Amino acid sequence: MLRIQQYQKVKSLAEAYELLQKNKNNQIIAGMLWLKMEDRTIPVGIDLSDLDLDKIIEDEKSFVIGANVTLRQLEVHQKLNLWTHDVMKDAIKDIVGVQFRNLATIGGSVFSRFGFSDILCALMCLKCEIVLYHGGKMDIVDFVNSDFQRDIITHIIIYKDHDKRCFICHRNSATDISALNLSVWQRGDEYLITVGARPQKAKQYSITGNNNEEIANKLKAQVECSGNMRASKEYREALSYGLCLKALNKIGEQ
Amino acid sequence: MKINIRVNGKMISDDVACDMLLLDFLRYHGFYSVKRGCETSNCGLCTVWLDNKPILSCSMLCAKCDGHEITTLEGLKKDAEAFAYFMANEGAEQCGFCSPGLIMNVLAMEKELQHPTEEMIKNYLAGNLCRCTGYMGQLRAITKYLNRHQGGKNEADQ
Ligand SMILES: Cc1cc2nc3c(=O)[nH]c(=O)nc-3n(C[C@H](O)[C@H](O)[C@H](O)COP(=O)(O)OP(=O)(O)OC[C@H]3O[C@@H](n4cnc5c(N)ncnc54)[C@H](O)[C@@H]3O)c2cc1C
Ligand code: FES
Ligand code: FES
């Protein structure tokens with residue numbers, strides 16, 4: 001059960017950051033969907049809702065997404081999905097239900113760095129940066145591999161480009177978390193293929209090849225998976241081949 | 001902490017614990033349509049609207065709703081009754097426990113999606129679990145309800 005002793009709707013990021021440093025148990029409360037599942041006491045719950053971080057702002061080069069933007073806002077944002085070949089929509093649409101996605105935030109999803117995260121796997125096939133209040137900008141891949149810092153994600157920036165990309169995942173049953181997820185980013189002759197829910201956190205592989213089968217086979221030979229209650233190591237490896245082939249075929253149609 | 005929440009158009013001011021869930025707040029104030037199911041954000045039974053968008057009241061702090069507007073099934077009586085007619089006609093309920101959350105989300109979907117396909121309906125309602133029916137009766141009722149103004153007589157008037 002989650003217990004919160006004090007709840008603070010902060011007026012500035014500086015105030016939020018100070019509260020975060022004051023006590024290592026103080027926590028930012030975003031969608032609270034994950035936090036609520038934990039058994040812990042939070043001395044001060046920090047709410048960023050008054051800081052105008054719930055907007056997606058498009059400019060010439062990018063989409064600047066506030067940390068408090070909900071997954072549903074991203075799922076239905078037509079221009080973002082048009083620019084990114086529906087990558088965000090495809091990663092989000094099967095996460096529990098609409099009511100859930102109206103609460104869960106991109107900031108909470110990125111910060112948590114879940115191994116099973118569909119969202120991180122999707123962001124890794126985009127030119128994407130995480131903006132931290134104290135730490136500044138960080139490339140998404142570096143962020144995923146970094147240690148947890150007591151910092152605040154303020155924005156996520158997705159840069160526009162004309163590369164082809166695709167996200168795909170396999171669930172054992174609807175609304176369950178993925179048994180494996182995979183994204184492909186085609187950059188010239190190179191395919192950056194990210195595999196998540198291995199079940200460890202998402203890892204990116206750079207692969208080249210003459211045809212889709214060859215690329216999928218190379219991925220299957222390199223991918224490091226292990227087994228858990230959702231899928232065995234062998235099943236995940238076989239899935240990586242199948243999903244990769246499917247994703248490459250989809251990219252071929254873009 | 002002191003909060004002011006407008007529920008179904010009526011302002012409620014209260015002094016609540018920081019970690020009180022919206023679900024408990026609403027039930028405490030007599031909105032018994034709001035039910036507790038899984039309490040792990042999975043079943044959709046506790047669905048209410050926050051500023052007209054469907055959310056899970058089991059996973060929301062009432063502190064966070066301070067200054068906002070909540071709608072429960074009690075505030076949508078007329079629409080709920082219209083939909084309930086189609087549910088009854090299709091034999092879409094068994095124990096009926098999931099119905100309040102389902103109805104809240106169907107009415108939200110009706111406002112948000114224009115002419116949804118069957119696939120869009122299924123996607124929108126994926127977060128509303130029913131342990132009894134197998135969903136087919138519900139799907140028939142929802143489709144007929146959404147099409148009620150198209151072609152000929154309104155079934156509810158027959
Ligand atoms: C039942 C369930 C099923 C799920 N299924 C899936 C799935 O299929 N696929 C998937 O990808 N994800 C899934 N998730 C994860 C979910 O989508 C969210 O990623 C998760 O709930 C975290 O988002 P939140 O807004 O609820 O964060 P919270 O629970 O509020 O916070 C999570 C953590 O992030 C910190 N935090 C929040 N915002 C910030 C910020 N701006 N800066 C720094 N730290 C911050 C919090 O302090 C906390 O430590 C699931 C979660 C649940 C509970
Ligand atoms: S009780 Fe809220 S989702 Fe089940
Ligand atoms: S009718 Fe019993 S849970 Fe849906």
Side-chain angles (χ1 to χ4, degrees), chain A residues 1-10 25-51 54 68-73 75-76 89-90 92-105 108-109 171 173-177, chain B residues 1-3 16-24 34 37-68 98 101-102 104-109 111-113 116 119-129 135:
Chain A
M1 189 180 166
L2 181 69
R3 293 161 296 274
I4 302 168
Q5 290 169 333
Q6 205 188 316
Y7 191 77
Q8 194 83 22
K9 267 194 188 174
V10 292
N25 290 318
N26 289 352
Q27 287 285 310
I28 292 171
I29 305 207
M32 203 181 73
L33 293 150
W34 196 263
L35 274 174
K36 185 180 161 273
M37 310 245 283
E38 296 182 357
D39 183 16
R40 68 190 291 181
T41 300
I42 297 179
V44 184
I46 305 163
D47 181 347
L48 309 176
S49 328
D50 286 348
L51 303 186
D54 58 352
N68 265 357
V69 164
T70 65
L71 300 187
R72 181 72 178 160
Q73 280 175 273
E75 179 188 354
V76 299
K89 183 176 160 191
D90 287 344
I92 289 169
K93 67 180 175 33
D94 295 320
I95 300 179
V96 194
V98 165
Q99 309 97 306
F100 181 101
R101 305 197 293 274
N102 272 332
L103 290 178
T105 65
S109 303
R171 287 173 156 75
S173 65
T175 77
D176 191 8
I177 60 174
Chain B
M1 62 185 289
K2 290 205 165 37
I3 56 165
V16 299
C18 298
D19 47 11
M20 187 181 208
L21 295 171
L22 179 61
L23 169 74
D24 294 317
V34 189
C38 65
E39 232 194 325
T40 57
S41 328
N42 276 294
C43 74
L45 183 55
C46 62
T47 302
V48 299
W49 296 355
L50 167 67
D51 298 333
N52 285 318
K53 286 196 179 129
I55 59 141
L56 304 170
S57 62
C58 74
S59 304
M60 179 55 137
L61 294 174
C62 58
K64 199 162 190 175
C65 299
D66 182 27
H68 292 268
C98 63
L102 176 74
M104 288 306 290
N105 215 23
V106 168
L107 297 179
M109 176 178 68
K111 287 198 311 159
E112 194 175 330
L113 304 184
E119 198 192 341
M120 285 161 81
I121 295 173
K122 284 183 180 167
N123 281 343
Y124 200 96
L125 301 173
N128 289 90
L129 303 187
Y135 304 103

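Residue numbering restarts at 1 for every chain, and letters A, B, ... go by the order of the sequence lines. Heavy-atom basis, side chains included; hydrogens, waters and symmetry copies ignored. None of the values given here were measured: they were computed from a predicted structure.
Here Leu61(B) is the residue among Thr47(B), Asn42(B), Leu61(B) with the most heavy-atom pairs under 4.5 Å with chain A. Listed options Asn105(B), Val48(B), Leu125(B) were ranked by heavy-atom pairs under 4.5 angstrom with chain A; first place goes to Asn105(B). Heavy-atom pairs under 4.5 Å with chain B peak, among Lys93(A), Met37(A), Arg101(A), Lys9(A), at Lys9(A). When each of Gly101(B), Gly127(B), Pro54(B), Ala108(B) is scored by its heavy-atom pairs under 4.5 Å with chain A, the top score falls to Pro54(B).
Residue Met60(B) touches chain A through both its backbone and its side chain, counting heavy-atom pairs closer than 4.5 Å. Interface residue Leu2(A): only backbone heavy atoms are found under 4.5 Å from chain B. Residue Ser59(B) touches chain A through both its backbone and its side chain, counting heavy-atom pairs closer than 4.5 Å. Within the 4.5 angstrom heavy-atom criterion, atoms from both the backbone and the side chain of Glu39(B) approach chain A.
Note that SG of Cys18(B) and CD1 of Ile42(A) are 11.0 Å apart. Values are rounded to the nearest 0.5 Å. Rounded to the nearest 0.5 Å, atoms CG (Leu103(A)) and OG (Ser57(B)) are 9.5 Å apart. In this structure, CG in Leu33(A) is found 7.0 Å from CG in Leu56(B), a value given to the nearest 0.5 Å. Taking CG of Asn102(A) as the reference point, atom CG of Asn52(B) lies at 11.5 Å (rounded to 0.5 Å).
Atom NZ of Lys53(B) is surrounded by 12 or fewer heavy atoms from other residues, nucleotides or ligands within 6.0 Å. The 12-atom threshold is exceeded at CD of Glu38(A), counting heavy atoms of other residues, nucleotides or ligands nearer than 6.0 Å. Within a 6.0 Å radius of NZ in Lys122(B), other residues, nucleotides and ligands contribute 12 heavy atoms or fewer.
Checked by atom type and distance alone, the side chain of Lys64(B) pairs as donor or acceptor with a backbone atom of Ala30(A) at under 3.5 Å.
In summary, the side chains of Asn128(B) and Gln99(A) do present a donor paired with an acceptor at a separation below 3.5 Å, with no hydrogens or angles considered.
Ala63(B) and Tyr7(A) make their closest contact through CB-CD2, 3.7 Å (heavy atoms, listed as atom of the first residue, atom of the second, distance).
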Could you walk me through whether Leu21(B) and Met32(A) pass the side-chain contact (heavy atoms from CB on, under 4.5 Å) check? CA-CA 11 Å; Leu21(B) 295 171; Met32(A) 203 181 73; 4.0 Å; yes

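You'll find the side chain of Glu112(B) reaches within 4.5 Å of the side chain of Arg72(A), heavy atoms only.
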